[in-house]
Amino acid sequence: MSLAQVHYTSAAPGDEGTAGRFTAVGPGVSGALLAEIEPLVRYELPGGVPERPSDGELRSLPQAFGYFALSDGSRLVARSAPVRDTGGTGAGVRFHAHAVHLPPGVPLPGDRLPVEAWRSPHWVAVTPGGATPDPLALPPGPAAVSEGLDDFAVSRGPWLAAVLADLRRASDAEAAGRPVALVERQCADVARWLGLASVTLPRESAERLTFTTYTRRPGSSASRVVGVGPEDAGAARAAGLRVHECAGPAPAGSTEDVWATTAARVWRSRSPELFREARELPGEPFAAGPLAVTALCAGIALGPDGRAAAAGWAADRPYALDARRTGRLVEAIASPGIDDRTAAEFDAAGRLFGALEGRCPASVTAPLAAMLVTEAVRGGNGSLELPRRDAFAGPEGAEVAERLGPEILTELADTAGSRSVARTVQLLRVARLLGVDGTESLPGVVDRLAPALLAEASVAQEGPPGFAPALLELLDEQFEVRTALLGALDRIAPQDPGAVARFLERVALPFTGTQALPHLRMCAEVPEAMATLGGDRAAVWHRVLRAAGLSPFAEPLVLRTAVGLVWEDRAPTVEEARLLLDAATSDSHRVAGTWARLVDAALSTSAAGTSATGTSAAGTSATGTDEAARLAHDLLRGFPGEIGGRERAGLLLLDLVRELRTGAPEPGWAERVRTLCAQAEPVEPALRERAHAALVERLLAPDRPGAELYDFVHGADAELIAAYDRTARTASVRARLRTQPAYAADCFTVWTAHPHAGRAWPPVAAALLDDVLRPAVRGMSAEDVAEVEATVGRTGSSGRADAFRDWNRSSTLGRLGRRIAGRVRRG
């Protein structure tokens, strides 16, 4: 069909106030459309144009060739070109715009793309005769790709990928990004960029790409792609456009758009026909995979991202390629001359091998298998999906094994370097794939691997560590490795059972076979036991010990493992320690080293069971302390050669507390308390107070030996005397003083017997007489006071009895004098 045409000419000199006028309008173009078309076809001369340009200078001026979308859904293809003004002096420059209107859904003749009309010979620079031109057919000129696009693409190599990526984004119907500005010295080069886009992009995308090859006002252009000269690049950048200065120095950096990078390599290889071939493959329009596969099969070298995209696409669609192209793709990906492969590329190659294995002959997949295992050994890529063992059954596998086997064995035997778990697991798996015999080095390997498992898992984030899947595959594949590794873990479990238990919670090792593995079974049992039995640690201990399947009498180390699991970060209570002590012989505890935990239990319980005043905080606490003292006695008897230093002194101190309360300790109580406290430093304050309290309670008893009291008083130990003072002031002592005249007499004798025993004792004794004994005597009956006086005389002397009468009389007179004074004041 014929297309309506429009001609527009700029204003003549002297026509002030007008920009130009339409000189011819074809049928069907309304006035509203003309108002929309007019700003699109206007033309502005570049800077520096002479007032009277020569013919050559006129021909060198840029032409604005554009493709625009109009508001009614129609489109406009237009060319605005400078022409010489033939009126007046004939020396000025005007412009003439020639446009073709395309109604909605109507293409250019021959169904050509708009950019292919930019070199058509049918564009005119004058208005045809008559006020309204007849509708004229506008056949396209030579296709834009037919002349020099390959050379142009090669010349623009540094910009090619980035520009193609932006042109793709500009053609997206959903995109709302910034327009693209192409800075070129010649507007024809901007048209060539658009020619490249018309070949590279799918047709529907190319048809959405509105453009103009030249404008002086890029910020106000309605096109998605605008061409500007170098002098207007700054204006484009200031307007927020994505600017590519193709007329300047080569850009630094590269684009991350794999599709655009691959398309650029295709253009530089002068193979534009591959774009059409790639569009015939399944996949999204701008997926890199189909184009990368097509390029590799055509012998075009790609970078690691392109090769990874090709391998990933083919792995997802193993039936999309015929045998010939599959072979070419594998050869290109596994080429031995490539030295820039990345981990992502190897992972994609591994997936491709898995997709092709069993579907293609082994001769086709052998290069991929060899590449993967070589990378696993030499590249250290621990995340690779390795081939199955039968991939190396042929001569290719023997060649790879001969090349890599010595390297694997050498690294596995190396004890100097630090090797990650993933690396060790990978080497062991590759050794099996290639049939490399590592029997001799296996014990040393697993002895180093077992602690490394625990160390790496302890610093990993929540969930299974990264090496877990490969490790489980290794144990499933190789029985001898599983047996040796589980045995090594079982041997080190008693040293740090908590770490092993936490590891087994995150990695479910397969140890349900015939191996004994008592320690591993205990470590696996403890989480469920704790969840089921809660805070009953004794019950948890019994259940965990049963999981071992061995008696602690036969294998003492199960004691260490069980104790470490249940009481990992704390000491047992004294009751729990008693349970542990009775569960096995002292020899078993000695071998297991658990006697140290029992010592901790005795000492920590003694500290926890005492209040700040030196007395038990509650009846249960005092009972616990007494139990700790009995436990200390048994530990000293059961482990005489093992317990030493401050721990031994602390236990002896506890044992002395027991003897002071319940038995007949050896003479020299106060001195022993002082000596043991010094030897137990740093002694827990509560234990020290407990020992002091036991000593002074015994010294306050009526039946204490006088020699012990004498040593205590004259020892001048301020802490012990202060403890004596505190205990003497307790309610129990005061009650005994009030109700037992004999006890009151004894205390009077003691508190008045040593007036010159150093500096610490006399003031304390005097204060006790006034503050404790005097109130008790005041509350007695006359008969009880007389009995106190008589007892003092019998146990001491007549002088001591006189002293008591004087002491008591001074108290009575003092009370009487105060009563008389009170009455005088009231009178």
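Bear in mind that the values here come from a model prediction, so they are computed numbers and not experimental data.
If you look at Phe275 and Trp267, their ring centroids are closer than 6.0 Å. Trp193 and Phe152 have their aromatic ring centers within a separation under 6.0 angstrom. Trp123 has its ring centre less than 6.0 Å from the ring centre of His98.
Between Arg84 and Arg94 the shortest side-chain heavy-atom distance does not fall below 4.5 Å.
Taking CZ of Arg178 as the start and CZ of Arg224 as the end, the distance is 11.0 Å to the nearest 0.5 Å. For the atom pair Arg317 CZ and Tyr319 OH, the distance stands at 14.5 Å (nearest 0.5 Å).
With salt bridges taken as basic N to acidic carboxylate O contacts below 4.0 Å, one links Glu207 and Arg203. Looking at Arg307 and Asp340, a side-chain N of the basic residue comes within less than 4.0 Å of a carboxylate O on the acidic one, giving a salt bridge. Ion pairing between Asp257 and Arg168 holds under the 4.0 Å rule for side-chain N and carboxylate O. Between Arg21 and Glu38 there is no salt bridge, since no side-chain N of the basic residue sits under 4.0 Å from a carboxylate O of the acidic one. Between Asp189 and Arg192 there is a salt bridge, since a side-chain N of the basic residue sits under 4.0 Å from a carboxylate O of the acidic one. Using a 4.0 Å cut-off between charged nitrogen and carboxylate oxygen, Glu57 and Arg52 do not count as a salt-bridge pair. Residues Glu231 and Arg185 are not paired through a salt bridge, judged by the lack of any N-O separation under 4.0 Å between the basic side chain and the carboxylate.
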Could you give the side-chain donor-acceptor pairs of residues 102-110 under 3.5 Å, partners two or more places apart or in another chain?
none

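In this view, Tyr214 and Tyr43 satisfy the ring pair (Phe, Tyr, Trp, His ring centres under 6.0 Å) rule, not counting sequence neighbours.
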